[in-house]
Amino acid sequence: MLTGEQYVASLKDDRQTWIDGRRITDLTTDPTTRIAVDLVASGYDTFHDATPGARNPLLTPPRDRESLREIIGLLRGVDMLAHTTFTSVMTLLTVLPQLDAAYPEYAARVRKHLDLVADRDLRVTECITDAKGHRSLSPGKQEDQDAYVRVVERRPDGVVIRGAKLHITGASLAHELFVMPTKKMSPGEEDYAIACAVPGDAPGVKTINTTYAFRGEDDRHYPLSRVRQMPDCMVIFDDVFVPNERIFLDGQTEFSAIFAHSLGLWERLGGVAEMAHDADLMVGLAQLVADANGLTRVAHVKEKISEMVIYATLIRAGLEAAIANAHTTTDGFVYPDELYTNAAKYHGAAEFTTMARHLIDIAGGAVLTAPTIGDLELPELEGHIRQYMTGNPAVPGEERLRLMHAVRDMVADAFGGWHYVTNVQSGGGLYAQRIVTRKHYPMAEAVEMARHAAGLDPKS
Ligand SMILES: Cc1cc2nc3c(=O)[nH]c(=O)nc-3n(C[C@H](O)[C@H](O)[C@H](O)COP(=O)(O)OP(=O)(O)OC[C@H]3O[C@@H](n4cnc5c(N)ncnc54)[C@H](O)[C@@H]3O)c2cc1C
């Protein structure tokens with residue numbers, strides 16, 4: 001397994017990557033990506049095991065519900081790239097039985113590739129969301145044929161792909177880009193039915209980074225996002241050659257959606273685990289800031305915190321139910337239940353703004369206007385800041401100041417905005433979760449129950 005230091009060294013290759021209108025020459029030292037790189041490196045160190053043949057525990061397929069629960073527990077607090085590596089690998093493991101039955105050659109390539117990822121301890125990103133062009137038109141009917149990633153040339157030894165995948169978490173910092181179709185393709189759209197693995201530094205791969213990372217010199221008043229960063233990238237495939245052994249699907253339109261379905265499930269489960277953690281964090285912040293303001297006994301504040309507690313508890317309940325009702329593939333590999341995963345993800349994303357609203361409501365305007373730590377350190381300001389930032393005298397002014405920074409960072413600044421949009425859009429958006437939830441809900445049983453209750457069934 002790699003150490004953090006070896007991971008950092010592995011990024012010093014020829015990858016082409018940009019941010020804010022300039023080329024990044026060294027991801028490991030650039031101020032916009034350095035912290036994210038360090039975060040991934042520390043994830044490597046956390047899991048490092050020098051025993052020959054040891055593998056990252058996040059890549060070990062869960063064989064029963066308890067190991068699924070354990071692996072979800074391991075995800076808590078890991079960097080986003082470890083997270084996307086986990087979901088990418090689980091996605092491939094889940095589709096393997098279907099590939100085995102229909103296309104054993106693809107299945108054999110997937111197995112070999114999974115071994116390569118585990119043996120070399122690589123980090124992988126999920127490249128699924130295409131540019132998509134006109135949203136109401138299918139890939140084959142787009143004015144721009146490259147609106148969805150497609151094969152532009154087939155050679156005896158592989159294919160050449162062109163197009164772009166958008167919003168890809170951590171793509172510039174990954175070793176492998178796992179490319180898959182974003183939805184089911186129709187006959188005639190064979191060139192878009194392409195799933196493959198591309199090295200992050202392959203010729204023709206270009207990434208454009210965006211980040212919520214604070215761009216100034218002193219980031220101490222960003223207590224959360226200063227240690228929790230990851231760029232999201234537009235990944236451009238500018239005629240990239242993919243050798244045969246890295247192709248997992250090419251042209252089989254009827255199979256084009258299996259990867260997206262499986263990824264959606266794992267991505268949403270990971271999202272629910274993350275949201276469960278963040279919901280508890282927001283409840284804790286609300287309680288602390290209420291105390292710092294002297295509001296813990298005020299009725300409307302208690303009600304708001306109770307509502308936040310219910311929100312947080314229901315996300316966790318959904319996560320637990322998804323694990324407790326997990327299913328098993330024919331390979332003996334356990335995956336979470338679709339209904340509970342999607343319902344919990346929807347609930348967490350849709351109600352996030354209520355949580356943020358309550359938190360901001362309880363905290364007050366200092367969420368935006370609390371002076372920085374730099375201000376606090378100035379001898380001519382320190383006394384004033386401590387004095388006027390104090391609410392409840394039992395809580396020092398500096399603590400209240402720092403709490404306001406944390407609330408702002410969590411829900412009212414660049415990271416907070418990222419949170420809000422990501423909760424809504426990640427894993428395919430709220431619409432996707434509504435569709436999947438409805439598909440897996442036992443509607444027939446509910447209808448039968450309703451017929452009984454309404455006296456519509458004469459035999460009942
Ligand atoms: C921070 C962040 C990180 C992300 N990370 C990843 C990642 O690592 N990998 C990855 O692959 N993706 C990633 N995503 C992408 C995410 O999955 C998409 O944003 C999401 O699927 C929505 O796609 P879109 O952004 O193209 O929006 P759109 O699909 O354009 O959606 C906008 C609206 O249009 C509606 N809509 C679109 N098409 C139709 C239609 N045909 N009929 C009816 N309604 C329609 C949608 O329901 C939605 O309401 C990430 C997104 C964010 C914000």
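Model, not experiment: these values are computed from the prediction. In each ligand, atom 1 is the first atom listed, and ligand 1 is the first ligand listed.
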Compute the shortest N/O to N/O distance between T84 and ligand 1 and return yes if it is under 3.5 Å, no if not. no

Can you name the atoms of ligand 1, numbered from 1 with element, that are less than 4.0 Å from a heavy atom of [X]?
{"X": "I168", "value": "7 (C), 8 (O), 9 (N), 10 (C), 11 (O)"}
{"X": "G428", "value": "17 (O), 21 (O)"}
{"X": "T422", "value": "1 (C)"}
{"X": "E126", "value": "7 (C), 8 (O), 9 (N), 10 (C), 11 (O)"}
{"X": "Y431", "value": "47 (O)"}
{"X": "T169", "value": "3 (C), 4 (C), 5 (N), 6 (C), 7 (C), 8 (O)"}

Please report which non-hydrogen protein atom sits nearest to atom 51 (C) of ligand 1, along with the residue it belongs to and the distance in Å to one decimal place.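 Going by distance alone, atom 51 (C) of ligand 1 is nearest to H167 CB, 3.6 Å.
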
Going by heavy-atom distance to atom 29 (O) of ligand 1, choose the closest among K132, R135, M80.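 Looking at heavy atoms only, K132 sits closest to atom 29 (O) of ligand 1.
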
Identify each donor-acceptor pair in which a side-chain atom of residues 33-42 lies under 3.5 Å from a protein atom, sequence neighbours left out, and give them as a table.
unit_1, atom_1, unit_2, atom_2, d
T33, OG1, L27, O, 2.8
S42, OG, L39, O, 2.9

So, R69 and E66, do they make that salt bridge, N to O below 4.0 Å? yes

Passing candidate, side-chain contact (heavy atoms from CB on, under 4.5 Å) with V407, options L359, L368, D413: L359

Is the centre of the [X] ring less than 6.0 Å from the centre of the [Y] ring?
{"X": "W266", "Y": "F86", "value": "yes"}
{"X": "F415", "Y": "Y222", "value": "no"}
{"X": "H175", "Y": "Y7", "value": "yes"}
{"X": "F214", "Y": "H221", "value": "yes"}

Sub-4.0 Å protein heavy atom next to atom 1 (C) of ligand 1: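 Flag for atom 1 (C) of ligand 1 set to true, protein heavy atom closer than 4.0 Å.
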
Quick check on atom 35 (C) of ligand 1 - does any protein heavy atom sit closer than 4.0 Å to it? no

